[in-house]
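Worksheet: the structure to be examined is printed underneath.
Below, chains carry the letters A, B, ... as their sequence lines are ordered, and counting in each starts from 1. Here the structure is a predicted model, which is why all the values come from computation and not from measurement.
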Amino acid sequence: MAQFNLLINQKKHEVDVDPTTPLLWVIRDHIGLTGTKFGCGIAQCGACTIHLNGNAVRSCVLPVSAAQDKEITTIEGLSNNNDHPVQLAWVEAQVPQCGYCQSGQIMSAAALLNRNNTPSDLDIDRAMKGNICRCGTYPRIRKAIKSVTKQ
Amino acid sequence: MESTNQLSRRKFLKITGVTSSVLALGISSGFGLVKGEVQKYELDGLDATGLNDFIFIDQTGQVTLVNHRPEMGQGVYQSMPMLLAEELEVNMDDIQVIQAAGDKEKYAHQLVGGSNSVRKSWEPSRKMGAAARIMLIQAAATKWNIDPTQCYASKGTVYQKDTKHSFNYGELVADAALLEAPKNPPLKSSKDFKILGKPLPRKDTPLKTNGEAVFGLDLKIPNMAYASIERSPYFLGKVKSFNKEEIEAMPGVLHVVKSEMPVFSHTREGVAVVATDYYSALSARKKLKIEWDNSEFERINQEEIYTKFNAALIEDQGFTKLNEGDFVKDYSNTEKQLDAIYELPYESHATMEPMNGVAYVEGDKCTYWGSIQAPIWIKGAIANSLAIKPENVTTNVTFLGGGFGRRAFIDFPVEAALLSKAIGGKPVKVVWTREDDNTQGPFRTGCATRMQAGIKGGQLTSLKHHMAGQAIGFQWPGADKTKFPNNILEGITTQYDIANFQTKVSPVELNIPVIWWRSVYSSTNAFPHESFIDEVANELGEDPMQFRIDRLQKHPRFVKVLEKAAQESDWTESRANKGVAIAECFGSICAHVVEVARNTKGKLYVKKVTSVIDCGQTVNSDTIVAQTEGNVIMALGACKSEITFKDGRAVEQNFNTYKMMRIDETPEIDVHIMKNEEDPGGVGEPGLPPLAPALANAVFAESGQRIRKLPFDINKI
């Protein structure tokens, strides 16, 4: 066990956990933010995607010790009123079905648009292919991301 | 998401805004059945445990729908209020949805499976809305002392015709609640629909874009512990011993106990590590040293499974379902005979949310919370396993992170309930890892199918479809294996006009648990059937589209779907790289035209899918498009990945080996919905079955290579 200072969604948290604990479980079980999901545990599905200093990372394989003193953003911190352009685009395109993977999808899309606000189809495929959606909402994810780039 | 049994009376009043009067209606036979009469519930005695209603309207005009159907992505959170709003004449925003717990007496049927939600609620939901509207109009007419025909309702308000007089529903509730409820009110004609059939935004979308939607995995109740379970890698393995003391001494670990999970006639054993947090449970589980007794288990390998399926086809024993004309006689007298075997793999459901749930056994009571498709069945199964009364079990339903049939099974909730009891009646959340989820099953069965066709005088005169695979129904305790296993030959287009037509199944029993997988046996039967129809058409030198249309003339809905698919896919202009297939599934007909192409490196890929679905009258057209897109993608995944078995164990453990469809492999998908006045059909599954054969037929058209075994690598064609 060890103490870690975490900055999550611009709020400071102090947790006392095993240093190898993946950030995912700290965020979910210790902090209580459950929007970030568990899908595979080996960085293959992207359901656990968060932002670490603005970059999309898979929190299921990131030990809490590597996240100390970095800026962590989860889906809950992406906007105050569900009004991040990506969230608005997701509602407009009616992307979610079961919805379970969508926090991760949205965090990946937001990170993509942060660094490239006019992504090509290939850019979108490359940035989003690490996020699995078993319901098959990919056509709408593409549509939603493109609608943001048009604005 | 709130659930009825979690509501205290105070909280209920707060949520619904109920003050003194409420108009509360239900359906006499239970809401989940096709038929039933409207009935009114009196306000007296209304409390949290006595909620026996399905809609409430309070004095603020707020409408509450107690949604009895689990939401797993298929859209009931939207379709159920749409059915109500249409007849009630309210805005969609005026309806709040509360998720119902499992209750057979109130809802009769809550299982989401077989694409049945809209089909079973189409009439009852609208009847409740119509009855409430009629009562509210009557209440207004009485106040105005006029005939109800002088009034009309719109957007939650009753208006007096040709005047400016109006009452909103809230103002009328107290009076309306005193009236008799019409049992079988007349329903709108579809030409008057204002809401049904429209592409309206789903009510759950905002919750699913900001992390607010609560899934089973997200539940937390006071004093809850977390568990991870190492189950026997072999279906019938038994726990002999394990290092209990050593693991119990690890940080955060509270209990290490043997676990049990009922899977059909068997019990799957394991060792559960219960800890203060999930990661501690997971870490400690990895240190478990378990000695298993695997003597009962048949250590079957992949090749042996298919050897058994193929042997069953040759033996030709089993059950004949369709037997038009005389296949045996005609086939032996034909000039040309086609005879081919097709194979399909086992598949995992791979819902994005792994199996999980929270169980709390307190004395002779049990409360379960989770993402489940069958709250009534699970309630009974938990009661049975704990030997307590069903009325003492509560099954609360959250949003489901995918279901596809897997979450209709009882194994994982019962396992959690038994574990809560085993650790002395404490609340426990059991979370499966992806590896647990992928390797434990139950799976979709693999199968082998022998297709035979006889051609005489340039005509297809005889056809036999013979499937060998595992029968879901034969796994239950006491199953009558002398009877045809229901539904096992679904998804075969027996509507084709073929003089001598036989369908047959040879059930093969293996120690691999199997269960429904999206579209169930249609997902395995349509591939051999519709691929083989293509083989026959090509043998005869006929256009595969026209060949089908010619033989479906007695079934105009099929013909119209194919004609639409031909038109939308520009079939007649160019079919050199296209394939078509059609199947009926759960009351709807769907055809796909798949177009394949080669990229700059010459690799074949799926370029476009044109889909046409006839699901009768529709509720939310955008949901139909979304479900069909999803079916296409899930079916494409099943063409490229499989669960295999080695030494009795499933091999593909996680997404690194069990390959899911990803965005960069997703083709353009163009969905068209037929418009007609037929009864509503299913939507969540019918788009899946015809995809694999349409793809294989497209591959044949482009390359001349016939795909008779799934999965296959399209890039290598």
When [options] are compared by non-hydrogen pairs under 4.5 Å with chain A, the top option:
{"options": "B:G75, B:G637, B:P667, B:P206", "result": "B:P206"}
{"options": "B:L636, B:T623, B:D622", "result": "B:D622"}
{"options": "B:T209, B:L207, B:I633", "result": "B:T209"}
{"options": "B:N210, B:V632, B:I663, B:T433", "result": "B:I663"}
{"options": "B:N356, B:L400, B:N438, B:D204", "result": "B:L400"}
{"options": "B:R518, B:H349, B:K220", "result": "B:H349"}

Say whether, by atom type as modelled, one donor and one acceptor occur between the side chain of [X] and the main chain of [Y] under 3.5 angstrom.
{"X": "A:Y138", "Y": "B:M661", "answer": "yes"}
{"X": "B:K208", "Y": "A:V95", "answer": "no"}
{"X": "B:N654", "Y": "A:C40", "answer": "yes"}
{"X": "B:R434", "Y": "A:I42", "answer": "no"}
{"X": "A:R134", "Y": "B:F404", "answer": "no"}
{"X": "B:D277", "Y": "A:D29", "answer": "no"}

Can you tell me if [X] has over 12 outside heavy atoms packed within less than 6.0 Å of its [atom1]?
{"X": "B:K198", "atom1": "NZ", "answer": "yes"}
{"X": "B:N223", "atom1": "CG", "answer": "no"}
{"X": "A:K143", "atom1": "NZ", "answer": "no"}
{"X": "A:Q3", "atom1": "CD", "answer": "yes"}

Heavy-atom pairs under 4.5 Å with chain B: which of [options] has the most?
{"options": "A:R28, A:Q102, A:E92", "result": "A:R28"}
{"options": "A:Q87, A:H84, A:Q44", "result": "A:Q44"}
{"options": "A:G39, A:G41, A:A47, A:G35", "result": "A:G39"}
{"options": "A:P96, A:G130, A:S79", "result": "A:P96"}
{"options": "A:T21, A:V91, A:I106", "result": "A:T21"}

Taking side chain as everything from C-beta outward and backbone as N, CA, C, O, which of these in [X] sits under 4.5 Å from a heavy atom of chain B? Side chain, backbone, both or neither.
{"X": "A:T20", "answer": "both"}
{"X": "A:H30", "answer": "side chain"}
{"X": "A:N131", "answer": "backbone"}
{"X": "A:I132", "answer": "both"}

Is any side-chain heavy atom of [Y] closer than 4.5 Å to one of [X]?
{"X": "A:R126", "Y": "B:D664", "result": "no"}
{"X": "A:K37", "Y": "B:F215", "result": "yes"}
{"X": "B:S280", "Y": "A:W25", "result": "no"}
{"X": "B:E629", "Y": "A:T137", "result": "no"}
{"X": "A:R140", "Y": "B:V625", "result": "yes"}
{"X": "A:P139", "Y": "B:T666", "result": "yes"}

Relative to chain A, which segment of [X] carries a heavy atom at a distance below 4.5 Å: side chain, backbone, both, or neither?
{"X": "B:P199", "result": "neither"}
{"X": "B:A213", "result": "backbone"}
{"X": "B:V431", "result": "side chain"}
{"X": "B:M352", "result": "both"}
{"X": "B:Q74", "result": "neither"}
{"X": "B:L217", "result": "both"}

* Asked: Which pair of non-hydrogen atoms, one from B:Y279 and one from A:P22, has the smallest distance, and what is that distance?
  ->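 Looking at all heavy atoms of both residues, the shortest contact is CE1-CD, 3.1 Å.
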* Non-hydrogen atoms of B:G211 and A:S103 that approach each other most closely -> CA-OG, 4.1 Å
* Asked: How many angstroms lie between atom CD of B:E353 and atom SG of A:C101, to the nearest 0.5 angstrom?
  -> 12.0 Å
